[in-house]
Amino acid sequence: MVNPNESETPQPRRLIDRLPPQWAGEGAALLAMVLVALWAVLRPAPEVLPDFSEIERADVLKASFFEFLAPIVASENERVFDQRRTLLEIAPEVDDGRPLPLLDRHWMRKLSAEYELDWPGDSREETLALLQRRVDVVPEPLALVQAAKESGWGRSRFARQGNNLFGHWCYVRGCGIVPSRRNQDAAHEVAAFDSVRHSVRRYINNLNTHPSYLPLRRIREAEREANVEPRALSLADGLIRYSERREAYVEEIKQIIRSNRELIRRAMGEASPSADTLASADTGA
């Protein structure tokens with residue numbers, strides 16, 4: 001008797017039906033391994049720091065450094081801005097006290113962890129306010145100039161050996177490069193990164209999370225509230241604790257921004273500003 005639930009026409013056997021029975025339970029793991037292998041082959045190659053020490057002319061060195069780094073900074077800023085855009089889309093639901101959908105709750109927990117917070121924390125509203133302050137971009141000119149300053153225009157030992165452009169430290173043995181002049185009782189190392197992009201991502205996250213840079217985040221927040229795009233020269237005032245030189249360091253960063261304004265704009269792909277714009281200390285670059 002023919003089962004009415006079965007087709008009388010033989011169906012082609014699926015690939016998994018042709019596998020030995022003992023392989024059936026391993027199908028998901030096998031698929032995962034294939035996907036991981038494909039990702040390893042197809043993912044973008046990490047950015048390799050050029051040998052800037054071979055460039056003798058100062059103007060060529062500066063232009064080359066900015067042109068190499070600007071697209072990476074822009075890409076990482078775009079990643080952060082995408083996070084911010086989604087955060088602001090979810091914010092009204094939190095402000096209204098509505099329960100978040102499952103996927104939004106998962107996304108908020110993941111975002112909060114990246115920015116060193118817990119979701120929902122003691123208060124959803126307070127955590128949301130902290131996220132809105134932290135999840136934001138760092139002006140490209142500021143990132144480019146700090147990278148130049150901290151890495152000697154990409155020529156320092158730590159830049160060449162560890163892709164470290166911003167002087168980040170780490171505190172686990174073997175996590176990076178031991179400074180040659182480190183005190184005997186010190187335990188820090190200069191962090192090493194797999195790529196320049198990882199160094200840039202750490203830098204942006206560091207400014208967005210470390211207590212030392214709360215002044216920078218408050219300046220940026222105030223500019224957002226005033227409907228002003230975050231400006232490099234303004235946010236530089238929040239770097240007072242980036243260096244032991246304090247005010248002198250901040251002023252040096254500002255001066256490098258001002259004196260390299262045209263090179264920075266070219267690297268960012270912007271049109272040349274007018275003389276009036278270049279003379280203004282309040283412009284974004």
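Within the 3.5 Å criterion, the main-chain N or O of Arg84 finds no donor-acceptor partner in the side chain of Asp136. A donor-acceptor pair under 3.5 Å is formed between the side chain of Arg155 and the backbone N or O of Gly152. Side chain of Asn77 to backbone of Val138: a donor-acceptor contact under 3.5 angstrom is found. Although no hydrogens or angles enter the test, the distance criterion places no donor-acceptor pair under 3.5 Å between the side chain of Ser75 and the main chain of Pro71. Checking side-chain atoms of Asn164 against main-chain N and O of Phe193 turns up no donor-acceptor pair under 3.5 Å. Checking side-chain atoms of Ser199 against main-chain N and O of Ser195 turns up no donor-acceptor pair under 3.5 Å. For the pair Asp95 (side chain) and Gly97 (backbone), a donor-acceptor distance under 3.5 Å is absent.
Remark: the Gln83 side chain and the Tyr115 side chain contain an N/O donor-acceptor pair separated by less than 3.5 Å. A side-chain donor from one of Asn208 and Arg220 sits under 3.5 Å from a side-chain acceptor of the other. Looking only at atom types and distance, the side chain of Gln132 has no donor-acceptor partner in the side chain of Glu221 under 3.5 Å away. Side-chain contact, Tyr249 with Gln146: a donor N or O sits under 3.5 Å from an acceptor N or O.
In this structure, Trp153 and Phe65 have perpendicular ring planes: the angle between them is above 60°, well past the 30° mark.
Residue-environment remark: CZ (Arg98) exceeds the threshold of 12 foreign heavy atoms within 6.0 Å. More than 12 heavy atoms of other residues, nucleotides or ligands shown are found within 6.0 angstrom of CG on Asp59. Other residues, nucleotides and ligands place more than 12 heavy atoms under 6.0 Å from the CZ atom of Arg85.
Contacts of Asp122 classified as salt bridge (charged side-chain N to carboxylate O under 4.0 Å, His left out), with partners at least two apart in sequence or in another chain: none.
Using a cutoff of 4.0 Å between basic side-chain nitrogens and carboxylate oxygens, Arg266 and Glu67 are not scored as salt-bridged. Using a 4.0 Å cut-off between charged nitrogen and carboxylate oxygen, Glu189 and Arg173 do not count as a salt-bridge pair. A salt bridge between Arg241 and Glu247 is absent, with no side-chain N of the basic residue lying under 4.0 Å from a carboxylate O of the acidic one.
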Apply side-chain contact (heavy atoms from CB on, under 4.5 Å) to residues Glu223 and Ser234 and explain how you reach the verdict.
CA-CA 9 Å; Glu223 293 197 326; Ser234 298; 3.0 Å; yes

Decide side-chain contact (heavy atoms from CB on, under 4.5 Å) for Leu216 and Tyr242; before the verdict, give the C-alpha distance in whole Å, the side-chain angles of both, and the deciding distance to 0.1 Å.
CA-CA 11 Å; Leu216 178 146; Tyr242 202 97; over 6 Å; no

Given the rule in the side-chain contact (heavy atoms from CB on, under 4.5 Å) test, do Arg133 and Leu130 qualify, once you have shown the distances and angles that lead to the verdict?
CA-CA 5 Å; Arg133 178 184 292 163; Leu130 288 173; 4.2 Å; yes

Can you list the steps and then say if Asp51 with Arg160 is a salt bridge (charged side-chain N to carboxylate O under 4.0 Å, His left out)?
CA-CA 8 Å; Asp51 187 358; Arg160 291 182 287 104; over 6 Å; no

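Other members of the cluster containing Ile177 are Phe158, Trp169, Tyr171, Val190, with ILVMFWY side chains joined at under 4.5 Å, either directly or via other members.
Residue pairs that meet the salt bridge (Lys or Arg N to Asp or Glu O under 4.0 Å) test with at least one member in residues 196-217, sequence neighbours left out, are Glu47-Arg197, Glu76-Arg197, Glu76-Arg201.
Taken to the nearest 0.5 Å, the CG atom of Asn205 stands 9.0 Å off from the NE2 atom of His168.
The shortest side-chain heavy-atom distance between Val145 and Ile264 falls under the 4.5 Å cut-off.
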